[in-house]
Amino acid sequence: MFDPENPPELAVTRWFNTRTPLSLEALKGKVVLVVAFQMLCPGCVQHGLPQAQKIAEQFSDEEVQVIGLHAVFEHHAAMGPESLEAFLHEYGWPFPVAIDTPDGVKMPRTMAAYEMRGTPTMLVFDRQGRLRRHY
């Protein structure tokens with residue numbers, strides 16, 4: 001079990017919608033919202049990602065950083081980076097999106113580290129970098 005006061009860093013293989021990679025450590029001072037999703041997950045497309053977009057629109061980047069985390073734990077062949085890039089373009093999600101590091105046939109690394117049980121999952125970090133909510 002991880003310590004919410006000192007949560008693990010995101011394990012990322014690639015970023016979209018950002019010029020530089022992001023990290024929880026570098027984002028201290030802002031509230032950070034991480035939304036774990038899969039592009040073939042109806043609940044993610046209909047609820048999780050639109051909710052993240054609304055939050056990103058309501059707050060400035062100086063206050064709140066929204067991050068999408070593509071955490072693929074099924075249908076790996078259909079949800080590769082090229083497909084994700086097309087998905088992000090088609091839907092126009094404006095916030096940075098990371099690909100969670102795969103771990104063979106197991107859960108992706110960030111998803112496993114945070115003991116996520118599925119998608120969509122939302123993590124909320126306070127300005128000190130502590131995990132405050134896990135939905």
Side-chain angles (χ1 to χ4, degrees):
M1 176 137 187
F2 66 92
D3 176 10
E5 296 294 316
N6 190 23
E9 190 57 67
L10 304 176
V12 176
T13 59
R14 184 170 171 189
W15 285 93
F16 295 91
N17 297 341
T18 182
R19 288 191 169 107
T20 59
L22 304 177
S23 70
L24 296 175
E25 181 64 32
L27 291 170
K28 284 184 178 176
K30 297 181 184 186
V31 172
V32 177
L33 173 76
V34 175
V35 177
F37 73 97
Q38 294 186 98
M39 64 182 165
L40 296 181
C41 164
C44 298
V45 176
Q46 295 170 358
H47 302 289
L49 291 169
Q51 183 179 32
Q53 183 169 352
K54 286 178 187 174
I55 292 168
E57 291 170 352
Q58 293 294 317
F59 297 94
S60 77
D61 289 345
E62 300 305 314
E63 295 178 273
V64 177
Q65 178 64 63
V66 174
I67 298 173
L69 179 69
H70 194 233
V72 178
F73 59 89
E74 58 188 355
H75 309 298
H76 293 85
M79 293 194 277
E82 296 80 19
S83 298
L84 176 61
E85 188 170 29
F87 170 82
L88 296 174
H89 175 76
E90 186 68 27
Y91 280 89
W93 306 118
F95 42 83
V97 173
I99 296 177
D100 197 356
T101 302
D103 193 9
V105 295
K106 299 177 189 176
M107 298 294 252
R109 289 187 184 165
T110 304
M111 192 172 195
Y114 281 92
E115 302 170 0
M116 295 181 205
R117 295 179 180 225
T119 56
T121 294
M122 185 176 295
L123 306 174
V124 181
F125 300 87
D126 66 16
R127 295 180 189 279
Q128 289 74 42
R130 299 173 296 206
L131 181 65
R132 290 297 180 206
R133 296 287 183 265
H134 183 270
Y135 299 106

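Throughout, numbering of the chain's residues begins at 1 and tracks the sequence.
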Under 3.5 Å, is there a donor-acceptor pair between the side chain of Thr121 and the main chain of Ala36?
no

With rounding to the nearest 0.5 Å, note down the distance linking CG in Leu24 to CG in Leu131.
9.5 Å

Other residues, nucleotides, ligands: >12 heavy atoms within 6.0 Å of Phe2 CZ
yes

For the atom pair CD (Gln128) and CG (Asn6), what is the distance rounded to the nearest 0.5 Å?
13.0 Å

Side chain proximity check, Phe37 to His70, heavy atoms < 4.5 angstrom
yes

Quick one: pull up OH in Tyr91 and CG in Leu49 and give me the separation to the nearest 0.5 Å.
9.5 Å

Taking NE2 in His134 as the centre, count heavy atoms belonging to other residues, nucleotides or ligands within less than 6.0 Å. Is the count above 12?
yes

Does Asp103 use its side chain to pair, donor to acceptor, with the backbone of Arg109 at less than 3.5 Å?
no

For Arg127 against Glu63, the heavy-atom pair lying closest together:
NH1-O, 3.7 Å

Measure the spacing between CG of Leu40 and CG of Leu84 and express it to the nearest 0.5 Å.
10.5 Å

Output yes when a side-chain donor or acceptor of Asp126 lies under 3.5 Å from a complementary backbone atom of Arg132, and no otherwise.
no

Check whether Tyr114 reaches the backbone of Pro8 with its side chain - one donor and one acceptor, N or O, closer than 3.5 Å.
yes

Can you confirm whether Glu85 sits close enough to Arg14 that some side-chain heavy atom of one is under 4.5 Å from a side-chain heavy atom of the other?
yes

The reported gap from CZ in Arg117 to CE in Met107 (rounded to nearest 0.5 angstrom) is 10.0 Å

Are the side chain of Gln38 and the backbone of Phe73 linked by a donor-acceptor contact shorter than 3.5 Å?
yes

Separation between SG (Cys44) and CD (Gln51), nearest 0.5 Å, reads 11.5 Å

Is it true that, when you exclude Arg133 itself, more than 12 heavy atoms of the residues, nucleotides or ligands shown sit nearer than 6.0 Å to its CZ?
no

Run the side-chain contact (heavy atoms from CB on, under 4.5 Å) test on Val64 and Gln58 for me, step by step, so that the C-alpha distance in whole Å, both residues' side-chain angles and the decisive distance to 0.1 Å come before the verdict.
CA-CA 9 Å; Val64 177; Gln58 293 294 317; over 6 Å; no

When you compare the side chain of Met116 with that of Leu123, does any pair of heavy atoms fall below 4.5 Å?
yes

Are any of the side-chain heavy atoms of Ile55 and Val35 separated by less than 4.5 Å?
no

Does Thr13 reach the main-chain N or O of Thr101 with its side chain, forming a donor-acceptor pair under 3.5 Å?
no

With a sphere of 6.0 Å drawn around CZ of Phe87, does it hold more than 12 non-hydrogen atoms of other residues, nucleotides or ligands?
yes

